[in-house]
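Inspection log for the structure reproduced underneath, given as structure tokens.
Every chain is numbered from 1 and lettered A, B, ... according to where its sequence line falls, protein lines coming before strand lines.
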Number of protein chains: 2
Amino acid sequence: MEKRYKIGEFGKLVGLTTPTLRYYESEGLIVSQRDDNGNRYYTDQDVKWLGFLLHLKGTGMSLNDIKRYVQLRAQGDGTIPQRRDLLERVREDSLVEIREREANLKVLNHKIDWYAGKLDKTIDENEDFETYLKRFQ
Amino acid sequence: MEKRYKIGEFGKLVGLTTPTLRYYESEGLIVSQRDDNGNRYYTDQDVKWLGFLLHLKGTGMSLNDIKRYVQLRAQGDGTIPQRRDLLERVREDSLVEIREREANLKVLNHKIDWYAGKLDKTIDENEDFETYLKRFQ
DNA sequence: TTAACACTTAAAGTCCACTTTAAGGCAAGC
DNA sequence: GCTTGCCTTAAAGTGGACTTTAAGTGTTAA
């Protein structure tokens, strides 16, 4: 038979709190079934979906876009092109963000190096960071 | 003489709205001087600082941590080690985040490929995404 | 049998980073 | 002189993603 996970157990499995899971359900990101006591339960299918959802979320995709994705999925295989397009847009945004972060991180690294140079006096006392930065442009 | 920028001009220069600049000032992230009419003005020094602030922010550093940095800077060169430590922590966090994003993006890319395979029938109809993903592990 | 613990709902609260609103002051140009 | 457009302040509102609170029901273990 299929394994049924109660919300607490499921939460531990996927790394979310029970209020968060109920919140996700209220937002239409996940669904649950009910047992004879009216309590939610989840199956391995739900574990898989939530796993993927967290990957989507981890790329920076908003809950709102994830919801749109869920709605398309519910409409069957005919919406595969739209889902692919949606994910391609998310990929582009995510790539842009990663590249921006990397660029900003580069400047931060130079600042850390600049502090090191100031501390061990390998950078002239009078050279300010902006001048120092220009060396790398 | 040094150029004085009024808040609107300064905002355009650095790409922030005037309410945001006032908000940053109220949060202790930037300072401004006042002219004879009591209006704020900024100098090229402020342009430089805001430029660097935006790089810090762009790494994911919170306004609160930027404020701590500002406070350390105000205490003079003696706090250079603390500032460097703070920035090193920010760098570490930022690197971790970038790597996580990249990992999640990888899964997203596989999903897009999987959709392509479904659409052009190079992936078997019955193979689900989780099984497909295992090919790359 | 009673305490502990899991579950239920709806609604309000939180945090961050702004943005918007409201009400007004001052200077330049027509 | 009046309109336009900049500036001022304080306070309230917004959006996203939860988290917390309140009030209650049901199951399990000692």
Side-chain angles (χ1 to χ4, degrees), chain A residues 3-43 46 50 52-71 89-90 93-94 97 100-101 104, chain B residues 3-43 46 50 52-70 90 93-94 97 100-101 104:
Chain A
K3 166 81 174 140
R4 293 183 171 190
Y5 304 95
K6 291 173 119 182
I7 193 166
E9 195 184 0
F10 185 61
K12 269 170 202 159
L13 206 58
V14 300
L16 295 177
T17 66
T18 57
T20 300
L21 287 168
R22 293 195 194 95
Y23 167 69
Y24 278 9
E25 186 172 328
S26 77
E27 291 295 299
L29 306 182
I30 57 177
V31 287
S32 65
Q33 292 168 277
R34 299 291 174 136
D35 65 17
D36 293 343
N37 298 317
N39 288 357
R40 288 173 180 82
Y41 73 85
Y42 304 85
T43 67
D46 300 313
L50 202 40
F52 184 55
L53 185 157
L54 293 178
H55 281 303
L56 292 181
K57 196 165 167 299
T59 65
M61 190 172 179
S62 70
L63 296 194
N64 230 301
D65 277 348
I66 295 175
K67 183 182 181 173
R68 279 205 53 228
Y69 180 82
V70 169
Q71 289 167 345
R89 245 170 292 133
V90 170
D93 293 351
S94 192
E97 260 216 58
E100 281 173 3
R101 287 227 164 183
N104 288 311
Chain B
K3 166 82 174 142
R4 294 183 170 190
Y5 304 95
K6 292 173 116 181
I7 193 167
E9 196 184 359
F10 184 60
K12 269 171 200 157
L13 207 59
V14 300
L16 295 176
T17 66
T18 56
T20 301
L21 287 169
R22 293 194 194 95
Y23 167 68
Y24 279 8
E25 184 171 328
S26 77
E27 291 295 300
L29 307 182
I30 57 178
V31 286
S32 65
Q33 293 167 275
R34 300 289 175 137
D35 64 18
D36 293 344
N37 298 316
N39 289 356
R40 288 174 180 82
Y41 72 84
Y42 303 86
T43 67
D46 300 312
L50 201 41
F52 183 56
L53 185 157
L54 292 178
H55 281 303
L56 292 180
K57 198 167 166 297
T59 65
M61 190 172 179
S62 70
L63 296 194
N64 230 301
D65 277 349
I66 296 175
K67 183 181 180 174
R68 279 205 51 227
Y69 180 82
V70 169
V90 170
D93 293 351
S94 192
E97 260 216 57
E100 281 173 1
R101 287 227 163 184
N104 288 311

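Side chain of A:Arg40, nearest nucleotide from C:dT8, D:dT19, C:dA17: C:dT8. Checking C:dC18, D:dT19, D:dA17 against every side-chain atom of A:Lys57, the shortest atom distance belongs to D:dA17. Among the nucleotides D:dT9, D:dA17, C:dT8, the one closest to the side chain of A:Ser62 is D:dA17. Taking the side chain of A:Pro19 as heavy atoms from C-beta on, and the options C:dC26, C:dA17, D:dT20, the nearest nucleotide is D:dT20.
Put simply, CD on B:Glu25 is 17 Å from P on C:dT19, counting in whole angstrom units. The distance from atom CG of A:Asn64 to atom P of D:dC18 is 13 Å, rounded to the nearest whole Å. Atom CG of A:Leu21 is separated from atom C1' of C:dA6 by 14 Å (rounded to the nearest Å). Computed from coordinates, the A:Glu27 CD to D:dT19 C1' distance equals 14 Å when rounded to whole Å. Whole-Å rounding puts the A:Lys12 NZ to C:dC5 C1' distance at 11 Å. Residue B:Leu29 contributes atom CG, which lies 9 Å from atom P of C:dA17 at whole-angstrom precision. The separation between A:Asp36 atom CG and C:dC7 atom P is 16 Å, rounded to whole Å. One atom, CZ of B:Phe10, and another, C1' of D:dC7, lie 16 Å apart when rounded to the nearest Å.
B:Tyr41 comes within contact range of no nucleotide atom at all, as no heavy-atom separation falls under 4.0 Å. Nucleic acid contact class of B:Arg22 (heavy atoms, under 4.0 Å, all strands): base.
At C:dA6, none of the side-chain N or O atoms of A:Thr18 fall inside 4.0 Å of OP1 or OP2 (strictly under the cut-off). OP1 or OP2 of C:dC18 has at least one side-chain nitrogen or oxygen of B:Tyr24 nearer than 4.0 Å. OP1 or OP2 of D:dC6 has not a single side-chain nitrogen or oxygen of B:Asn39 nearer than 4.0 Å. B:Thr17 has a side-chain polar atom (N or O) that falls below the 4.0 Å cut-off from OP1 or OP2 of C:dT19.
Formation of a donor-acceptor pair under 3.5 Å by the B:Thr59 side chain with backbone atoms of B:Ser94 is not found in this model. B:Asp46 contributes a side-chain N or O that, together with a main-chain N or O of B:Thr43, makes up a donor-acceptor pair within less than 3.5 Å. A donor-acceptor pair under 3.5 Å links the side-chain atoms of A:Asp35 to the main chain of A:Asn37, judged by distance alone.
One finds the OG atom of A:Ser32 at 7.0 Å from the CD1 atom of A:Ile7 (value rounded to the nearest 0.5 Å). One distance of note links CG of B:Leu63 with CG of B:Leu29; it measures 5.5 Å at 0.5 Å rounding.
Residue order along DNA chain C, read from the 5' end via each residue's closest nucleotide, puts A:Gly38 first among B:Asn37 and A:Gly38. Along DNA chain D, the nucleotide nearest A:Lys6 and the nucleotide nearest B:Arg34 are compared for position; the residue whose nucleotide lies closer to the 5' end is B:Arg34.
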